[in-house]
Amino acid sequence: MALRRVAEAVPAFEYALAARTPEDRRGAALTRLRLTDVLLPLGCVDETRALERELAEQSDGLRSAAVVRRREALRWSLLRFGGGWNAAGGRDAS
């Protein structure tokens, strides 16, 4: 990450996300995923889960191997914080 301080990364990614056009679903999904890469290590689990939900809604039907791989990695990372995934791929209530 080119930014020297993590504190600068969050608003930069939020700005980048807001600047995406509605047609750029892949770019928006990848930007959300990069934002989760910054937020989760900071312990911002609720914010990360909110972005995860946005990803599920906004990237429905999106065909991108990069997005699919990164979303799966995010799911596994979130398992450490409880509220895992059920067999159908949906979130368990926790």
Side-chain angles (χ1 to χ4, degrees):
M1 193 173 308
L3 298 171
R4 293 176 195 231
R5 292 183 294 191
V6 175
E8 295 173 353
V10 173
F13 282 125
E14 289 172 341
Y15 177 81
L17 186 57
R20 298 277 181 192
T21 64
E23 295 80 26
D24 187 12
R25 293 174 48 219
R26 182 179 184 273
L30 291 171
T31 301
R32 279 187 182 88
L33 287 162
R34 292 291 307 269
L35 183 53
T36 66
D37 290 342
V38 174
L39 291 171
L40 195 56
L42 292 174
C44 300
V45 179
D46 292 337
E47 293 88 342
T48 302
R49 288 198 186 278
L51 286 166
E52 177 194 27
R53 284 188 296 275
E54 289 176 22
L55 274 164
E57 295 167 6
Q58 302 296 322
S59 63
D60 188 39
L62 182 64
R63 299 176 69 176
S64 169
V67 171
V68 170
R69 279 192 307 271
R70 304 267 320 269
R71 280 185 67 196
E72 186 65 24
L74 175 60
R75 288 178 188 145
W76 282 105
S77 294
L78 284 168
L79 285 175
R80 294 180 292 160
F81 299 98
W85 290 79
N86 63 34
R91 288 193 42 212
D92 289 337
S94 304

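Nothing here was measured: the structure is a model prediction, and the numbers come from that model.
- Atom CZ of residue Phe13 and atom CG of residue Asp37 lie 7.5 Å apart, to the nearest 0.5 angstrom.
- Between Arg32 and Ser59 the shortest side-chain heavy-atom distance does not fall below 4.5 Å.
- Using a 4.5 Å cut-off on side-chain heavy atoms (C-beta onward), Leu35 and Glu47 make no contact.
- Between atom CZ of residue Arg20 and atom OG1 of residue Thr31 there is a gap of 3.5 Å, rounded to the nearest 0.5 Å.
- Contact detail for Leu40 and Thr48: the closest heavy-atom pair is N-OG1, 3.6 Å.
- When all heavy atoms of Arg25 and Gly61 are compared, the closest pair comes out as NH2-C, 4.0 Å.
- Scanning both residues, Asp24 and Gly27, for their nearest heavy atoms gives OD1-N, 3.0 Å.
- Residues Leu51 and Leu74 have side chains not in contact (no heavy-atom distance under 4.5 Å, counting atoms from C-beta outward).
- At a threshold of 4.5 Å between non-hydrogen side-chain atoms, the residues Leu62 and Arg71 do not count as touching.
- A salt bridge is defined here as a Lys NZ or Arg NE, NH1 or NH2 lying under 4.0 Å from an Asp or Glu carboxylate O, and Glu72 with Arg69 fails to meet this definition.
- Considering only heavy atoms from C-beta on, Arg49 comes within 4.5 Å of Leu78 through its side chain.
- In this structure a side-chain-to-backbone donor-acceptor pair under 3.5 Å is missing from Arg75 to Glu52.
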